[in-house]
**Student:** 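Let me begin by handing over the structure; questions about it come next.
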Amino acid sequence: MAGSEHKENNMEVTKIENVTRVFKTGKVETQALRGVSLSIENGEFTALVGPSGSGKTTLLQLIGCLDKPTSGRVFINGKDVSQLNRNQRADMRRGTIGFIFQFFALIPTLTAYENIELPMLLMGQSASERRERVMQLLESVDLTDRAIYRPDQLSGGQQQRVAIARALATKPALILADEPTANLDTPNGRQVMETMTRLNQETGVTFVFATHDPRVIQYAQRVITLRDGLIVENNIENKDEEKVSLEV
Amino acid sequence: MVQLLRMAFRDLGRNRRRSFFSSLALAMGLALLLLMAAFIRGEMGSAMESSIRLQTGHLQIRAQSYDESKTSLKWEDLVENPDQVAGRIATLAPVKVATPRLFATGIVSVRDETAGVRVFGIDPLSEANAPYREGMVDGEYLTADDRSGILIGQPLAEKLGLKVGDQFNLSVNTSNGDVDEQLFSVRGIYSTETNAFDNFTVFMPLAKAQAMTQTENHASTILVLLKDKAQTDVVAAALQSTNYKVLNWIQMNEFMTTYEEFANAYMYILYLIVLGITATVIVNTLVMAVFERTREIGILSAIGMKGRRIMAMFLAESSLLAVGGIIMGLALGYLAVTYFAKFGFYIGNMGITGFLISNTVYTDLTLEDAVNLTVMAFVITLLAGFYPAVLAARMEPVEALHGGK
């Protein structure tokens with residue numbers, strides 16, 4: 001592993017204890033998660049897999065402090081985030097967690113450069129710090145020449161790479177990706193996954209991504225399978241990073 | 001802050017036409033209000049100036065017992081030796097002119113037509129009566145020794161079908177309570193461009209008026225015009241006497257002052273209604289923007305933007321819409337006000353008794369009105385932005401990321 005700016009020890013970056021999440025729509029209750037426990041360590045490259053409705057996205061949202069569990073506890077870097085209020089969760093997300101979404105979640109009025117810069121602006125970093133970091137990230141996702149392009153001037157794959165760079169901007173401990181290749185064709189999907197894998201290896205940042213694409217699952221060191229709101233399989237066979245191939 | 005404004009500016013630029021028309025709605029509202037404020041200010045200002053110039057002067061000296069509403073002609077209610085009193089007043093440095101006037105009520109009869117009038121007995125040579133002399137549209141102005149001629153206002157002459165040289169009967173009250181009727185000729189027809197005055201006022205020389213009303217060497221008032229209106233209180237204090245009462249132009253135009261206060265209060269309500277309507281347009285625009293950008297709000301929230309900052313972003317958008325609208329509104333309002341200040345706004349005979357509004361109103365926008373309206377427009381637009389801003393700030397990130405509920 002080349003760089004290790006995030007990976008300082010083998011501590012858990014997130015831990016989930018017997019988490020449930022129930023959604024209410026009128027009088028109808030849907031149990032998205034039914035008592036899930038899980039631990040993810042620093043530097044892991046983990047896939048959450050399972051059919052639609054299995055609870056992958058809900059689990060990512062709880063780990064990402066976008067949502068609160070109905071019961072159970074979620075820890076990020078050892079801190080219980082289950083009962084944080086809206087602002088506290090925003091603070092936690094800003095400094096600790098990066099997001100990559102299925103839709104290319106960039107702000108359409110901002111350039112690639114400005115999209116990557118945005119989380120750092122929210123962190124209150126200086127202009128020179130931001131400039132240096134953005135240029136470094138643009139280079140790492142091979143988009144230096146697209147810095148001043150707006151999202152509608154970029155291909156889907158390029159947009160998703162900008163989203164990856166943005167997720168890394170504040171040097172988070174954890175990056176959560178929800179179906180990052182679902183809207184991409186095969187070559188672009190492969191490029192995105194290769195970028196994520198490389199950055200995981202270079203920087204040591206933990207990646208957890210939800211997918212049901214078998215081509216993507218191959219990249220994962222660890223595969224957690226969910227079904228009907230429960231973890232049915234926790235496959236850590238690929239945890240040895242050397243086994244992860246960059247070729248599909 | 002700069003980044004916030006930049007984002008807000010670009011967000012507004014996404015739907016330029018919608019943003020432009022929202023700003024334009026505010027601009028039209030503001031321009032309309034500036035024009036209305038300038039119109040009212042011009043109307044009130046000109047009415048006051050007309051009243052001072054044509055009717056009240058800056059000061060009047062009257063007998064203590066004189067009751068204006070009864071147009072009393074009893075000697076004890078009048079000023080004795082008015083020429084002497086006026087002469088003494090005219091020696092004061094701030095006084096431009098002082099002249100006696102006698103007021104009486106009368107009825108003009110021409111064939112089957114009659115009309116109630118106010119008869120002004122004036123010194124034709126006094127500079128205080130220049131507005132009537134300068135307003136002559138036909139015939140001749142009065143001379144001091146004219147014993148059968150009368151000046152009549154143009155609208156009254158038209159109403160009664162009178163021309164220069166025509167004869168008519170005029171009945172007036174006298175000092176002993178009788179009515180005297182005499183035959184007069186139309187010596188001249190005047191117009192002060194103020195129908196409310198011209199319709200009811202006829203002039204005759206003071207000596208003739210005194211003779212007809214049997215008031216001899218008496219006048220209802222000594223009208224004083226000052227070189228500078230600001231000197232009113234100083235001169236009034238200097239003229240205080242136990243024999244007379246001194247009235248200033250504010251006291252004599254109390255109705256107008258009260259009406260102006262009422263009009264101002266009414267205008268404020270109107271301002272709020274117009275700005276409220278334009279604010280609704282801004283609210284609508286921003287609420288649409290919030291719903292269109294729900295997912296983006298979710299993204300911003302996901303990357304750690306707090307609700308407070310999301311709210312600030314939408315408030316920045318409403319501020320920019322307000323600034324755009326205000327700049328356009330000031331420009332439109334300035335053009336409209338300038339046009340009507342130069343060419344006037346013809347309103348015709350809109351006068352109310354005791355309220356001398358010119359037939360043409362010239363707009364007069366004060367800096368105070370412009371600043372007040374601009375600040376009010378900005379604050380109301382900003383307040384209007386609060387609802388969509390709070391709506392955006394309160395969105396749950398998970399729901400927002402999925403495009404809302």
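Hydrogens, waters and symmetry mates are skipped; everything else that's a heavy atom, side chains included, is used. Reminder, nothing fancy here: chain letters follow the sequence lines and each chain counts from 1.
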**Student:** Mind checking whether A/D91 and B/K306 have side chains closer than 4.5 Å, heavy atoms only?
**Tutor:**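 Heavy-atom side-chain distance check passes, below 4.5 Å.
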**Student:** Has A/R227 got more than 12 heavy atoms of other residues, nucleotides or ligands less than 6.0 Å from its CZ?
**Tutor:**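 Atom CZ in A/R227 is not crowded, with 12 or fewer foreign heavy atoms closer than 6.0 Å.
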**Student:** Strictly below 4.0 Å, N to O, side chains only: are B/R10 and A/E114 in salt-bridge contact?
**Tutor:**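 Salt bridge: yes.
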**Student:** Decide side-chain contact (heavy atoms from CB on, under 4.5 Å) for B/I299 and A/L106; before the verdict, give the C-alpha distance in whole Å, the side-chain angles of both, and the deciding distance to 0.1 Å.
**Tutor:** CA-CA 8 Å; B/I299 296 164; A/L106 300 177; over 6 Å; no
**Student:** State, with a plain yes or no, whether a side-chain heavy atom of B/I303 is found less than 4.5 Å away from one of A/R166.
**Tutor:**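 Yes; the side chains approach each other to less than 4.5 Å.
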**Student:** Distance-only, no hydrogens or angles: does the A/R93 side chain make a donor-acceptor pair with backbone N or O of B/S301 under 3.5 Å?
**Tutor:**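 Yes.
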**Student:** I want to check something: taking the side chain as every heavy atom from C-beta on, are A/P108 and B/R14 in contact at a cut-off of under 4.5 Å?
**Tutor:**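 A side-chain contact exists here, since the closest heavy-atom pair is under 4.5 Å.
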**Student:** Measure the CZ-CG distance between B/R6 and A/L110 for me, rounded to the nearest 0.5 Å.
**Tutor:**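 Rounded to the nearest 0.5 Å, the CZ-CG separation comes out at 7.5 Å.
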**Student:** What part of B/R293 is in contact with chain A, defined as an atom under 4.5 angstrom from a non-hydrogen atom: side chain, backbone, both or neither?
**Tutor:**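 Neither; nothing under 4.5 Å.
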**Student:** Does any N or O in the side chain of A/R89 come within less than 3.5 Å of the main-chain N or O of B/G304, such that one atom is a donor and the other an acceptor?
**Tutor:**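 Side chain of A/R89 to backbone of B/G304: no pair is present.
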**Student:** Flag the pair B/M7 / A/L118 as yes when at least one side-chain heavy-atom distance between them is below 4.5 Å, and no otherwise.
**Tutor:**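 They are in contact (side-chain heavy atoms under 4.5 Å apart), so the answer is yes.
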**Student:** Give, for atom CD of A/Q61 and atom CD of B/E396, the distance between the pair rounded to the nearest 0.5 Å.
**Tutor:**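 Between A/Q61 CD and B/E396 CD, I get 11.0 Å after rounding to 0.5 Å.
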**Student:** Is chain A contacted by the side chain of B/A8, its backbone, both, or neither, given a heavy-atom distance below 4.5 Å?
**Tutor:**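 The answer is neither part of B/A8.
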**Student:** Verify the neighbour count for atom CE of A/M92: are there more than 12 heavy atoms of other residues, nucleotides or ligands below 6.0 Å?
**Tutor:**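 Yes.
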**Student:** How close do A/F101 and B/A302 get, heavy atom to heavy atom, and via which atoms?
**Tutor:**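 Residues A/F101 and B/A302, closest heavy atoms: CZ-CB, 3.8 Å.
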**Student:** For B/Y339, does the OH atom have more than 12 heavy-atom neighbours from other residues, nucleotides or ligands under 6.0 Å away?
**Tutor:**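 Check fails, neighbour count at 12 or below.
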**Student:** Taking everything shown except A/E139 itself, do over 12 heavy atoms lie less than 6.0 Å from its CD?
**Tutor:**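 No, because the 6.0 Å sphere around CD of A/E139 holds 12 heavy atoms or fewer from other groups.
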**Student:** Does a sphere of radius 6.0 Å around NZ in A/K79 hold more than 12 heavy atoms from other residues, nucleotides or ligands, not counting ones at 6.0 Å or beyond?
**Tutor:**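 No - once you tally the heavy atoms of other residues, nucleotides and ligands closer than 6.0 Å, there are 12 at most.
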**Student:** Taking side chain to side chain contact (heavy atoms under 4.5 Å, CB included) as the criterion, tell me which of A/L66, A/T58, A/L62 meets it with B/V398.
**Tutor:**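 That would be A/L66.
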**Student:** Taking atom OH of B/Y387 as the centre, does the number of heavy atoms from other residues, nucleotides or ligands within less than 6.0 Å exceed 12?
**Tutor:**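 Atom OH in B/Y387 is not packed in, count stays at 12 or less.
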**Student:** Under 6.0 Å from the CD atom of A/Q88, do we count more than 12 heavy atoms belonging to anything else shown?
**Tutor:**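 Yes.
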